[in-house]
Q: 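The structure is given below, and queries will be raised subsequently.
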Protein chains: 2
Amino acid sequence: MYLTQEIDYAMRIVFCLAKAERRMDAASISTEMCVSLRFALKIMGKLAGAGLINSYKGIKGGYELACPPDQITLRQVMEAVEGRGYAFSRCLCEGSDCNRGMSGCCVFQQLWQGITDEVNQQLESVTFAQMLEREKQRREELSAGAI
Amino acid sequence: MYLTQEIDYAMRIVFCLAKAERRMDAASISTEMCVSLRFALKIMGKLAGAGLINSYKGIKGGYELACPPDQITLRQVMEAVEGRGYAFSRCLCEGSDCNRGMSGCCVFQQLWQGITDEVNQQLESVTFAQMLEREKQRREELSAGAI
DNA sequence: CTTAAAATATACAAAACAAGTATATTTTAA
DNA sequence: TTAAAATATACTTGTTTTGTATATTTTAAG
């Protein structure tokens with residue numbers, strides 16, 4: 001029903017790298033994001049495999065964004081981790097053939113597809129550059145409100 | 001990540017009762033919807049508990065909608081089964097306190113909230129009367145196309 | 001007033017999925 | 001040559017979903 005932790009972590013990891021603007025090793029990322037090192041490594045493997053981040057082995061190794069943050073969307077991260085975009089219902093996935101009781105005409109499927117499309121559009125329309133900007137604004141609002 | 005089967009079944013069960021316009025026993029519903037009898041009973045217990053359907057014990061017992069289908073929304077079914085509306089991310093649920101690495105200012109949470117609100121609004125805006133109407137239209141389209 | 005067909009309550013079990021961990025290996029800057 | 005890093009692969013644990021079983025209660029009909 002919910003986004004998995006893995007996707008949530010992946011988003012935060014990319015955000016972290018976008019913010020750092022420099023190469024970071026897995027241990028630092030894992031500490032900053034409060035994700036176990038091993039799990040972070042696993043996720044970063046997927047992100048690197050999808051070409052969103054670059055990885056470097058050896059001493060001075062680590063990870064960095066593969067391109068500027070205004071060229072990475074939330075949807076790309078979702079796909080990197082999940083292997084596809086968001087889907088509201090299982091029945092929208094390949095080979096599901098669910099027309100359970102609907103005699104080959106399922107009006108729920110249509111509806112779920114609409115919701116799915118909308119969410120994916122949202123995820124696609126937001127880049128990590130925008131997320132950084134949002135955070136900056138939000139911090140300013142908070143400090144202004146705190147006076 | 002996906003809607004659970006339980007919610008999917010619940011939607012279909014309510015749709016089935018809306019379509020039937022009469023009292024049906026659990027066995028018939030389970031057969032029509034291709035859901036195991038036991039699981040269907042469990043789900044209908046929740047739907048009855050939430051006041052969406054009425055249940056009748058004994059011979060000639062069964063289930064029927066508690067009110068006209070134009071007064072039942074998809075969101076109500078979601079809440080009956082899940083105990084709350086849709087939430088895109090766990091971090092939006094009570095007592096989650098996730099500001100992991102975001103120093104008390106999580107811009108993802110804002111975003112997930114926006115998506116959540118949108119989906120809930122969708123679910124709230126559609127009644128089962130509308131779903132019946134949709135199905136009718138869709139069938140007409142299909143048979144027209146098949147000539 | 002008995003009976004059989006129905007729902008209900010409660011608990012249990014199995015399966016699927018998510019989350020996290022461990023070990024051995026490879027790469028590379030110093 | 002060495003130590004710090006990533007990588008590959010497999011394994012374990014925990015949680016959630018899904019489904020099942022048993023005993024009980026209710027009720028229309030004969």
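Chain identifiers are assigned alphabetically (A, B, ...) following the order of the sequence lines, protein sequences preceding nucleic acid strands; residue numbering begins at 1 within each chain.
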Q: Send over the distance from B:M44 CE to C:dT8 C1', rounded to a whole Å.
A: 12 Å
Q: Should the pair A:R12-A:E32 be classified as a salt bridge under the 4.0 Å nitrogen-to-oxygen rule?
A: no
Q: Does some side-chain heavy atom of B:F39 sit less than 4.5 Å from a side-chain heavy atom of B:E6?
A: yes
Q: How many whole angstroms separate atom NZ of B:K46 from atom P of C:dT10?
A: 15 Å
Q: Has A:S36 got a side-chain N or O lying under 4.0 Å from the OP1 or OP2 atom of C:dT21?
A: yes
Q: In whole angstrom, what separates A:M33's CE from C:dA19's P?
A: 18 Å
Q: In terms of side-chain heavy atoms of B:K42, which of D:dG19, C:dA7, D:dT7 is nearest?
A: D:dG19
Q: Tell me: CD1 of A:I43 to C1' of D:dT7, nearest whole Å?
A: 15 Å
Q: What is the distance, to the nearest angstrom, from the CZ atom on A:R23 to the P atom on C:dT27?
A: 17 Å
Q: Within this structure, what is the CG-to-C1' distance between A:L3 and C:dA19, rounded to whole angstrom?
A: 15 Å
Q: Roughly how many Å is it from CG in B:L41 to P in D:dT24, rounded to a whole number?
A: 18 Å
Q: Here's a test of your reading of the structure: between A:Y2 and A:D25, which maps to the more 5' nucleotide of DNA chain D?
A: A:D25
Q: Measuring from the side chain of A:R90 (C-beta onward, heavy atoms only), which nucleotide among D:dA6, C:dA19, D:dT17 has the closest atom?
A: D:dT17
Q: Would you say B:Y56 reaches D:dA28's phosphate, i.e. side-chain N/O to OP1/OP2 under 4.0 Å?
A: no
Q: D:dA6, D:dT18, C:dA29: which one has an atom nearest the side-chain heavy atoms of A:Y63?
A: D:dA6
Q: Scan side-chain atoms only and decide if B:Q122 and B:Y86 contain a donor-acceptor pair under the 3.5 Å cut-off.
A: no
Q: Starting at atom CD of B:E6, determine the distance to atom C1' of C:dA16, rounded to an integer number of angstrom.
A: 15 Å
Q: Going by an N to O cut-off under 4.0 Å, is there a salt bridge joining B:K136 and B:E140?
A: no
Q: My understanding is that a pair needs two contacts under 3.5 Å, Watson-Crick or G-U wobble. By that rule, which nucleotide pairs with C:dA29?
A: D:dT2
Q: Toward the 5' end of DNA chain D, which comes first, A:G62 or A:M1, by nearest nucleotide?
A: A:G62
Q: Please determine whether any donor N or O and acceptor N or O are separated by less than 3.5 Å between the side chain of B:R38 and the base of D:dT18.
A: no
Q: Is A:A48 touching bases, backbone alone, or none of the nucleic acid, heavy atoms closer than 4.0 Å?
A: nothing
Q: Between C:dT21, C:dA18, C:dA5, which nucleotide gets closest to the side-chain atoms of A:F39?
A: C:dT21
Q: Between A:K57 and A:T4, which is nearer to the 5' end of DNA chain C once each is assigned its nearest nucleotide?
A: A:T4
Q: For the residue pair B:Q121 and B:D117, confirm or rule out a side-chain donor-acceptor distance under 3.5 Å.
A: no
